[in-house]
Every structure is written in structure tokens, then in C-alpha cells.
J.: 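This is the structure I have questions about; it appears just below.
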Protein chains: 2
Amino acid sequence: MEYTVQKLGRMAGISTRTLRYYDEIGLLKPARINSSGYRIYGAKEVDRLQQIMFYRELDVCLQDIKAIVTNPSFDGVKALQGHLGELLIKREQIDAIIANVRKTLASTEGRMTMLDKEKFTGLKKKMVDENEQKYGKEIREKYGIDAVEHSNKAFKNMSQENFERMNNLAEKIHVVLAEAIATADPASQVAQKAADLHKQWITLAWGHYDKEAHAGLAQMYVDDARFTAYYDKKLPGTAALLRDAIYIMTGTEK
Amino acid sequence: MEYTVQKLGRMAGISTRTLRYYDEIGLLKPARINSSGYRIYGAKEVDRLQQIMFYRELDVCLQDIKAIVTNPSFDGVKALQGHLGELLIKREQIDAIIANVRKTLASTEGRMTMLDKEKFTGLKKKMVDENEQKYGKEIREKYGIDAVEHSNKAFKNMSQENFERMNNLAEKIHVVLAEAIATADPASQVAQKAADLHKQWITLAWGHYDKEAHAGLAQMYVDDARFTAYYDKKLPGTAALLRDAIYIMTGTEK
DNA sequence: CTTACACCTTTACGTAACGTCAATGTCAAG
DNA sequence: CTTGACATTGACGTTACGTAAAGGTGTAAG
């Protein structure tokens with residue numbers, strides 16, 4: 001089946017402007033342009049738009065969505081499984097807000113009292129903790145870890161070659177970490193291998209290497225929910241194991 | 001308890017910039033300014049911020065939130081009950097998206113097939129139906145009903161006096177409609193009274209009266225989920241009854 | 001007492017994800 | 001062959017803030 005902008009837009013519930021914008025930023029390009037310059041979308045584009053809308057539903061910004069879905073090693077099925085988990089979390093957050101509304105109603109009726117800070121439970125978005133607020137910002141400023149968070153900004157100045165090497169390294173790290181988790185020993189040879197691979201990845205990402213920064217990042221992986229979600233997806237405890245291995249390798253004391 | 005910007009922001013999980021912006025647009029003004037020019041918030045402001053954040057969670061734009069919470073006849077308890085309903089709807093929408101992800105996963109595994117348009121169920125935001133798309137736009141352009149939707153734009157050119165008269169009328173309409181729903185007869189005297197009150201309301205809102213436009217708006221009340229949610233909140237069928245009463249009054253044929 | 005440091009202020013420009021014209025070309029139907 | 005719904009590319013507008021600049025305030029520690 002083939003679609004013009006309007007047909008696709010109507011089907012997906014978005015405007016033609018949105019589709020043109022997605023084309024403009026390279027997020028979703030039409031399968032082809034016909035002789036009159038019209039955008040024509042095919043089956044592949046429909047599926048991709050669906051993925052895009054799933055990510056958008058989870059408040060991922062378009063730049064990040066682009067980095068994710070245009071990544072040559074993008075795995076649609078894994079992404080869908082990820083959506084499932086995130087959506088369940090989102091539903092729990094809504095349940096928390098619903099509970100808050102119920103409590104607030106009860107408090108206005110005098111059936112109970114609420115502390116001021118309780119009035120915002122469920123409405124606060126994340127904010128790992130005060131420590132992260134304080135040191136997280138500091139360490140990011142110091143070592144430019146923001147560049148790691150926002151993949152696109154980091155990748156912008158990177159050659160396609162380096163990008164692929166990084167992807168390969170990332171996959172290897174995953175595999176090696178899966179082996180290491182079985183031993184559960186951060187000093188084991190395989191865990192140290194993972195730490196070393198991660199060091200190589202850092203070097204590519206930052207353009208240089210710094211032990212202290214590496215250790216700081218490792219701790220952040222454990223503290224920051226987004227990172228643990230990434231590393232602990234399949235095997236819980238992976239983030240902590242990687243951190244401990246990096247601590248050993250860099251000679252960092254806890 | 002009193003709060004400075006940072007304390008309140010930290011408690012509610014928002015930035016100080018956001019609080020300053022809310023002050024700037026008149027959405028949430030501090031209780032007082034101290035001798036050094038610092039913004040000081042009190043208990044009332046905390047509760048108001050909570051209401052604001054509930055509305056924001058439901059994707060209401062700040063301009064509309066302002067129109068709602070600064071309205072002198074704003075009823076906090078009713079608002080909370082409304083939030084409850086909207087949040088339950090939102091949870092259902094998330095459930096729909098979850099179902100979609102599950103189906104999509106099943107289809108990638110070949111356990112079932114999906115039509116292209118099924119791939120977007122739950123992701124489409126509203127779009128009542130094609131009819132609304134077509135005639136809704138037309139009627140809005142013709143009669144300026146967009147001005148009714150976005151209260152602020154409509155109220156901008158309206159004197160405070162008219163605004164209060166409209167609010168009084170709206171309350172009366174509610175009361176009379178509640179009586180009318182008991183008879184269930186759009187031709188009944190009380191239902192016709194409601195239709196007449198609504199006519200007066202329209203006249204104030206639009207600055208003029210037009211039978212055809214009034215009938216069109218009545219149909220929109222039934223078709224548009226936002227309107228039915230408003231009119232049918234307590235008593236289902238109210239929107240349809242009002243429409244039928246207006247049809248009779250204006251001599252419109254279905 | 002002053003030095004540090006985390007607060008606070010206003011002013012002002014930047015950003016994301018489109019909405020909304022404007023000006024113009026295309027195509028199927030009557 | 002005109003009409004009306006479609007398409008195109010600019011280009012400027014909007015919302016809800018982020019972010020930096022330049023400076024005043026409050027308190028704890030040296």
C-alpha cells in the first residue's frame with residue numbers, strides 16, 4: 001500500500017506539516033518522490049512512523065528518536081519490548097497521580113491531612129536524588145558527560161567510521177557483561193575485559209581518556225535510573241558489576 | 001509554611017525559571033515580595049501550584065489553565081473530580097497503546113497480521129470522525145466557534161461584566177438542564193427554557209445570534225467528546241437533550 | 001570584618017516541534 | 001475547462017520554558 005502525506009497523516013492522526021517536518025529533519029523520509037514532487041510512503045515507512053509515535057508517546061525528543069531509529073543496528077522487536085516496559089511504568093505513574101488526587105479530595109473534605117510535599121507525589125518527573133542534583137551536575141560539567149547523554153550532539157562531530165566502531169564496542173560490552181554477571185566477581189578476568197572495552201568506548205566517545213571521569217561515569221550508571229534501565233534490562237545487577245569492575249581497573253576507592 | 005522559589009520548585013519538581021515564568025504570565029503569583037525583592041509563596045500558592053500541575057499533566061496549555069484557575073467561580077473540589085475522570089481516561093488510553101504494542105509484537109512474530117490503520121490505534125489523539133473533520137472545520141470557520149473553544153481568546157474582548165453574566169447564565173443552564181433531563185422530553189417547557197438560556201449565552205459569546213449556527217453548535221456538543229464530557233458529566237444524555245431542544249426551538253430538521 | 005558561596009533578582013536571547021499563512025503547481029470530476 | 005481538493009516550498013509565529021549575563025542578598029566560616 002502507498003500513501004500520500006494526507007492519507008498517511010489521517011491514518012496516523014498527525015498533520016501533513018508534521019510529516020513534512022519529519023522529512024526535513026531526516027526522521028522519516030518518504031519511500032520515493034513521484035514525478036510531481038509528491039511524497040509517497042510505503043509499508044516500511046508506516047512501520048517506522050509507528051515506532052516514532054511510540055517513542056513520542058514516551059516523551060522522547062525527535063532528535064533522540066532519530067538517533068535511535070536511524071541507527072543501523074536498531075532492533076524493532078527489542079524496541080517494542082522496551083516500549084511495553086516504559087508504558088507499564090507510565091501507567092503506574094498515572095496511578096500514583098490518581099492516588100494523589102483522591103488523597104487531596106479526602107483532605108479538602110477534612111477526612112485527612114496532607115503535608116505540602118505530599119501534594120506533589122507523582123507529579124515530580126524524576127530527579128534521582130539531591131546527591132545527583134549536586135554532584136551529577138558537577139561531574140557532567142567537569143567531564144562533558146552531557147555529550148554522552150545526548151547522543152546526537154556527541155555523534156555530530158564523529159566520523160561514520162568511529163560511530164560504527166562504537167556500536168561494535170557497545171555490542172561486545174553487552175555480550176561480555178552477560179558472561180561476567182554469571183561469575184558475579186568484578187575482579188574476574190571477564191569483568192575486567194568488560195571494563196577495558198568500556199574504556200575503549202569512552203576514549204572514542206570523549207576523544208580522550210581520564211580515569212577519574214571514567215569512575216565518575218560508572219557511579220552515574222548505577223545512580224541514574226536511565227542508565228540502569230539500559231544496563232540492567234536483561235540482567236539485574238549489571239550496572240553495579242560494571243561500576244565495581246571499573247573501580248578496580250582504575251584503582252578507585254569506594 | 002513559606003517558600004522561596006527554590007524551595008517550592010524543589011518540592012514540586014519544577015525549575016525556578018518555571019515559577020518565575022508562571023509569575024510573569026500571571027498564572028501563579030507569589031503571596032508577597034519581601035524587602036529584598038524575593039518571591040515568597042504561602043499555603044494558598046502551594047495548593048494552586050498543585051492544581052496547575054494536575055492540569056499540566058492532562059496537557060492543558062498554560063493559557064487555558066490560567067483562564068480556569070483564575071476564574072472567580074473556580075471550584076477546586078469539582079476540578080479535582082474532573083482530574084480523576086480525565087486521569088482514568090488517560091490510563092485507558094495507555095492501556096490501548098499497550099495493547100497495540102502487544103499486537104505489533106505478535107504480528108512481527110507472525111502470530112497475527114495487522115492492518116496499517118490498526119498500527120495507530122491508541123496513538124491517534126482525538127479526531128472525532130471524518131464528518132467532524134469536514135463539517136466541524138467548516139462550521140467553526142463560518143461561525144467563529146473556535147473563539148468559544150479557546151475561552152481566553154473569546155473573553156479577551158469581553159468586558160468583565162459580560163463575563164460574569166455569562167458565568168451566571170452557564171450555571172443557570174446547568175440547573176435547568178438537570179431538571180429537564182428528568183422529563184427526558186426536549187419539547188418540555190423546562191427543556192425549552194434551557195435552550196433559550198443557551199441562546200442568550202450564545203448571544204453574549206458571539207455578540208450576535210444566528211439560528212443555523214446555534215443548531216450547528218448543538219450538534220457539535222453531541223459529536224465532540226470534549227463537549228459531551230462537559231455536559232454529560234453528572235447526567236448522561238444531557239448533551240443530546242440540549243441539542244434536541246435547540247433543534248426544536250430553532251426549527252431545525254434532523 | 002570580609003570572604004565565600006548559595007541564594008535571589010531582571011534582562012534577554014535560544015530552542016523544540018510544530019501551526020499557520022502565502023504563493024504556486026497538480027489532478028480527478030463534472 | 002473550471003472547480004476544488006490535493007500537493008509543493010519558503011518563511012515567520014508560538015509555547016513553555018532553558019540558559020547565560022550581570023548583579024544584589026544572607027549567612028557561615030576564617
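Lettering follows sequence order; numbering is per chain, from 1.
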J.: Whole angstroms only, please: what is the CG-P distance between L8(B) and dC7(C)?
T.: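 In whole Å, dC7(C) P lies 15 Å from L8(B) CG.
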J.: Mind telling me whether F74(A) and Y55(A) have parallel, tilted or perpendicular rings, with 30° and 60° as the class edges?
T.: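 Ring orientation, 0 to 90° scale: tilted.
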J.: Determine whether more than 12 heavy atoms belonging to other residues, nucleotides or ligands lie under 6.0 Å from atom NZ of K29(A).
T.: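 Yes - once you tally the heavy atoms of other residues, nucleotides and ligands closer than 6.0 Å, there are more than 12.
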J.: Looking at the base of dG26(D), is there any donor atom on it, or on the side chain of Y38(B), that sits under 3.5 Å from an acceptor on the other one?
T.: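 Per atom types, no contact qualifies.
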J.: Can you check the N34(B) CG to dT9(C) P distance for me, whole Å?
T.: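 Answer to the nearest Å: 9 Å.
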J.: Closer than 4.0 Å, any side-chain N/O of Q6(B) to the OP1 or OP2 of dC8(C)?
T.: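 Checking Q6(B) against dC8(C): at least one side-chain N or O falls below 4.0 Å of OP1 or OP2.
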J.: Name all residues meeting the side-chain hydrogen bond (donor to acceptor under 3.5 Å, both in side chains) criterion together with Y3(A); count only those two or more places apart in sequence or in a different chain, and write none if there are none.
T.: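 For Y3(A) the side-chain hydrogen bond (donor to acceptor under 3.5 Å, both in side chains) partners, ignoring immediate neighbours, are D116(B).
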J.: What I want to find out is whether E2(A) reaches R32(A) closely enough, with some N-O distance under 4.0 Å, to be called a salt bridge.
T.: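 Counted as a salt bridge, because a side-chain N and a carboxylate O are separated by less than 4.0 Å.
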J.: Checking S15(A) against T18(A): is there a side-chain donor and acceptor pair closer than 3.5 Å?
T.: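 Yes, a side-chain donor-acceptor pair sits under 3.5 Å.
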J.: Just to confirm, is there a sub-4.0 Å distance from OP1 or OP2 of dA7(D) to any side-chain nitrogen or oxygen of R39(A)?
T.: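 No, no such contact exists.
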J.: Please determine whether a side-chain nitrogen or oxygen atom of T4(B) lies at a distance below 4.0 Å from atom OP1 or OP2 of dC8(C).
T.: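 It does, given that an N or O in the side chain of T4(B) lies less than 4.0 Å from OP1 or OP2 of dC8(C).
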J.: Could you tell me the separation between the CG atom of L27(A) and the P atom of dC18(C), rounded to a whole number of Å?
T.: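 In whole Å, dC18(C) P and L27(A) CG are 9 Å from each other.
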J.: May I have the list of side-chain donor-acceptor pairs in residues 33-42 of chain A shorter than 3.5 Å, sequence neighbours left out?
T.:
residue : atom : partner : partner atom : Å
N34(A)  : OD1  : S36(A)  : N            : 2.8
N34(A)  : OD1  : G37(A)  : N            : 3.2
N34(A)  : OD1  : Y38(A)  : N            : 3.0
R39(A)  : NE   : D23(A)  : OD2          : 2.7

J.: Could you state the CG-C1' distance from D23(A) to dC18(C), rounded to the nearest angstrom?
T.: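 After rounding, the gap between these two atoms is 15 Å.
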J.: In whole angstroms, how far is the C1' atom of dC27(C) from the NZ atom of K7(A)?
T.: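 To the nearest whole Å, that distance equals 12 Å.
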J.: What string of B, S and - do you get for nucleotides 10-23 of chain D 5' to 3' if you count protein non-hydrogen atoms under 4.0 Å?
T.: BB----BBBB----
J.: Find the distance E24(A):CD to dA17(C):P and express it as a whole number of Å.
T.: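 It is 12 Å, rounded to the nearest whole Å.
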J.: What is the distance, to the nearest angstrom, from the CD1 atom on I52(A) to the P atom on dC18(C)?
T.: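 These atoms are roughly 11 Å apart.
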J.: Measure the distance from CD1 on I33(B) to C1' on dT9(C) and round it to the nearest whole Å.
T.: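 Interatomic distance, CD1 of I33(B) to C1' of dT9(C): 10 Å.
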J.: Please determine if E57(A) and K90(A) form a salt bridge, counting it only when a charged side-chain N lies under 4.0 Å from a carboxylate O.
T.: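 Yes, this pair counts.
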